[in-house]
Amino acid sequence: MRWTHSFIPTMKETPEGAEIPSHVLMLRAGMISQVMAGAYTYLPLGLRALRNAERIVRQEMDAAGAVELLMPSMSPLSLWERTGRVDAFGDVLVKLTLQRPGRKVHVALGPTHEEVITDLVAHRISSYRQLPITLYHISTKFRNEERPRFGVMRTSEFLMKDAYSFDPSLESLNESYEKMYAAYCRIFERCGLEYLPVEAESGPIGGDVSHEFMIPAENGEDTVLHCRDCGYAANQERAEIRARDCAPPDVPKQPLRKVATPGASTIEQVSAFLNIRPPDLIKTLIYEADGRPIAVLIRGDHEANEGKIRRAAGAGELALAAPEVIEQVTGAPVGFAGPVGLAGKLPIYADYDVRAMANAATGANEADAHVVGVNLGRDFTAEHFADLRNAQDGDPCPRCSSKLTERHAIEGGHVFKLGTKYSEALGAKFLDQAEQQQTIIMGCYGIGINRILAGLIETSHDAHGIIWPVALAPYEVLLVPMKADEATMQAAHRLYADLQAAGVEVLMDDRDARAGVKFNDADLVGVPLRVVIGPRGLKDGQFEVKWRWEKQPAMLPVDGAATTIAGWIGEERAENRRFRAARRGGQGGVGAA
RNA sequence: CGGGGCGUGGCGCAGUUUGGCUAGCGCGCCUGCUUUGGGAGCAGGAAGUCGGAGGUUCAAAUCCUCUCGCCCCGACCA
């Protein structure tokens with residue numbers, strides 16, 4: 001492609017509103033253009049990169065034995081009512097009413113496709129002989145995000161690959177899951193992305209049955225905890241904290257004393273009012289576990305983890321208690337609950353770290369009052385101690401003796417063992433060898449195609465622009481003729497034709513522009529290999545070649561240049577070896593802001 | 001949904017507090033000449049319902065009311 005024949009509206013300045021590198025650079029490099037909040041047009045360069053990511057995903061899905069089909073975005077709302085997901089999704093589900101002669105048709109635009117595919121399988125699969133099977137498609141998904149943000153990272157409309165496995169048994173499901181997991185690893189590898197599969201909140205079957213594929217990035221919306229020593233990784237909801245001895249510090253116990261704290265009900269207010277640090281406060285939360293009130297004690301600076309609390313309490317449903325309930329069980333309005341005197345009234349669950357507190361402050365179970373000098377054993381007891389809070393940076397690793405590191409990350413993919421939730425609701429059953437009717441066991445596997453691009457750019461750019469690996473780059477090679485003289489243009493055109501003939505995706509900057517303009521746009525757009533064709537090199541029979549991540553160019557003889565370059569590109573397509581090496585070495589500013 | 005910010009040629013902004021002449025600047029775009037290996041110089045030029053509606057006023061980009069849109073933080077969500 002010639003630059004002048006394409007449509008590459010690069011920008012020197014950053015449009016107002018773009019905050020993070022991937023958004024800024026995609027806009028400036030002429031890859032995307034915003035249509036409205038959360039919806040973008042992919043311009044030619046952006047589309048080519050998107051198609052590359054899509055192609056890699058498709059190839060790996062096929063290689064893993066998944067079978068592609070294509071489902072519509074529209075489906076009848078009734079299908080979503082059958083699985084209860086109209087309510088579960090709420091406003092996130094995009095619903096429309098179609099006017100047809102004499103009637104209205106209620107449809108949903110799919111945020112994902114469990115319902116549609118399970119309905120298909122329910123109708124078309126009826127025997128164990130047809131199982132197992134994994135079906136996938138790549139299509140536009142619609143989610144009415146309350147707050148689209150960060151450019152292409154969180155949009156109302158996005159491209160997703162979603163695969164669904166259908167198995168006759170748990171063992172078979174595990175095999176299907178493993179295949180997808182492995183395929184995901186290859187996909188992220190091939191895209192040149194650093195990634196971290198992390199344990200995510202488990203589903204109805206129990207065990208480690210859900211993994212998120214995270215791309216560690218400064219601007220990621222998710223938080224993961226990672227042990228660099230043993231490799232344990234989990235998202236914040238899921239991350240365990242190693243149990244440890246938490247003896248209270250050996251300090252003199254102060255007397256228990258009630259103090260007035262008018263209007264101070266939050267941790268910040270109380271700590272400011274009493275002039276103590278949040279770690280010296282005990283936060284008392286009243287939950288309803290399957291409708292039964294329980295008290296949960298957490299150190300003031302920690303965050304409660306509802307999943308952990310739910311499991312500790314052995315409950316199916318857990319929710320913060322309503323203000324009336326709190327008032328009824330503690331005798332005080334919200335914000336003044338405390339464990340002192342609460343024993344016997346309701347079960348008390350305390351986080352391990354509460355054991356290590358001495359002379360703490362907490363609510364007095366009456367309005368506008370707290371108690372200080374609170375000590376475990378003397379002033380209150382808890383029936384159950386457990387890990388009830390979110391892990392944070394520096395917490396002990398649950399698998400080894402090291403510590404967890406907190407990292408921000410972009411959720412690029414998610415694999416999940418679904419079980420029978422959808423097959424049950426939509427009647428996807430099969431007849432086994434013993435002529436018994438069984439419910440099909442499902443798994444689902446999603447990858448955000450757009451997020452692959454955003455994640456790559458977030459983690460691979462420098463002050464001048466994007467640094468693409470060959471696998472995702474909109475073009476593999478950029479030719480930059482320096483002057484419009486006969487000899488230069490002839491050499492450029494010959495190389496252009498030779499590279500195209502060799503199957504290389506090549507872009508030639510044939511604009512009548514100054515060198516600086518072309519070089520700056522080359523860096524901005526980030527095509528991996530730049531070839532400069534100009535009188536300086538040509539007089540010695542050479543082109544100047546430079547990988548985007550390198551600082552200095554190298555010279556390459558004109559004779560055989562196309563073959564050499566095509567060889568390099570072929571290697572990079574398969575392995576991203578040079579790209580990876582540069583990233584590891586930090587050479588060329590990869591990853592620098 | 002709560003808090004904050006911003007809407008002025010294609011892009012980035014000034015002007016708004018304290019109303020006042022044909023609404024400016026930089027970049028980009030068009031024409032010509034000169035230049036030509038890291039965002040050229042000179043000269044000329046096109047291009048703006050000042051987000052929209054209503055109001056106050058002799059006079060509104062500027063003041064008032066309503067409204068639409070975009071962005072950020074939080075909440076929510078998987």
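Letters A, B, ... are given to chains in the order of the sequence lines, protein chains preceding strands, and every chain is numbered from 1.
In this structure, Lys483(A) reaches the sugar-phosphate backbone alone: every heavy-atom distance under 4.0 Å involves primed, P, OP1 or OP2 atoms, never a base. Residue-level contact check: Arg28(A) touches the bases, meaning some heavy atom is under 4.0 Å from a base atom. Within the nucleic acid shown, Arg451(A) has no heavy atom closer than 4.0 Å to any nucleic acid atom. Contact annotation for Gly537(A): base contact, defined as any heavy-atom pair under 4.0 Å involving a base atom. Contact annotation for Pro535(A): base contact, defined as any heavy-atom pair under 4.0 Å involving a base atom. Note on Val532(A): a base of the nucleic acid sits closer than 4.0 angstrom, heavy atoms only.
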Heteroatom pairs (N/O) under 3.5 angstrom, protein to nucleotides 43-53 of chain B:
none

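Both Met36(A) and Asp512(A) lie near RNA chain B, and the one whose nearest nucleotide falls closer to the 5' end is Asp512(A).
One interatomic measurement links the two molecules: CE of Met555(A) to P of rG37(B), which rounds to 16 Å at whole-angstrom precision. The nearest whole Å value for the distance from the CE atom in Met11(A) to the P atom in rC29(B) is 14 Å.
A centroid separation of less than 6.0 Å is found between the aromatic rings of Phe188(A) and Phe213(A).
For rG39(B), the OP1/OP2 oxygens have no side-chain nitrogen or oxygen of Arg514(A) closer than 4.0 Å. Regarding contacts with the backbone of rC71(B), a side-chain N or O of Gln34(A) is found under 4.0 angstrom from either OP1 or OP2.
Considering only residues two or more places apart in sequence or on other chains, His493(A) meets the side-chain contact (heavy atoms from CB on, under 4.5 Å) condition with Arg2(A), Met489(A), Met508(A).
Nearest to the side chain of Lys12(A), among rG26(B), rG38(B), rC27(B), sits rC27(B). When the nucleotides rC6(B), rG39(B), rG38(B) are ranked by their closest atom to the side chain of Glu16(A), rC6(B) comes out on top.
When only modelled atom types and interatomic distance are considered, Lys308(A) and Asn390(A) share no side-chain donor-acceptor pair under 3.5 Å.
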Quick one, give me the B/S/- string for nucleotides 73-78 of chain B, reading 5' to 3', where B means a protein heavy atom under 4.0 Å from the base and S means that only happens at the primed atoms, P, OP1 or OP2. BB-B-B
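Of the C1' atoms belonging to rA75(B) and rG69(B), the separation is 22 Å, rounded to the nearest Å.
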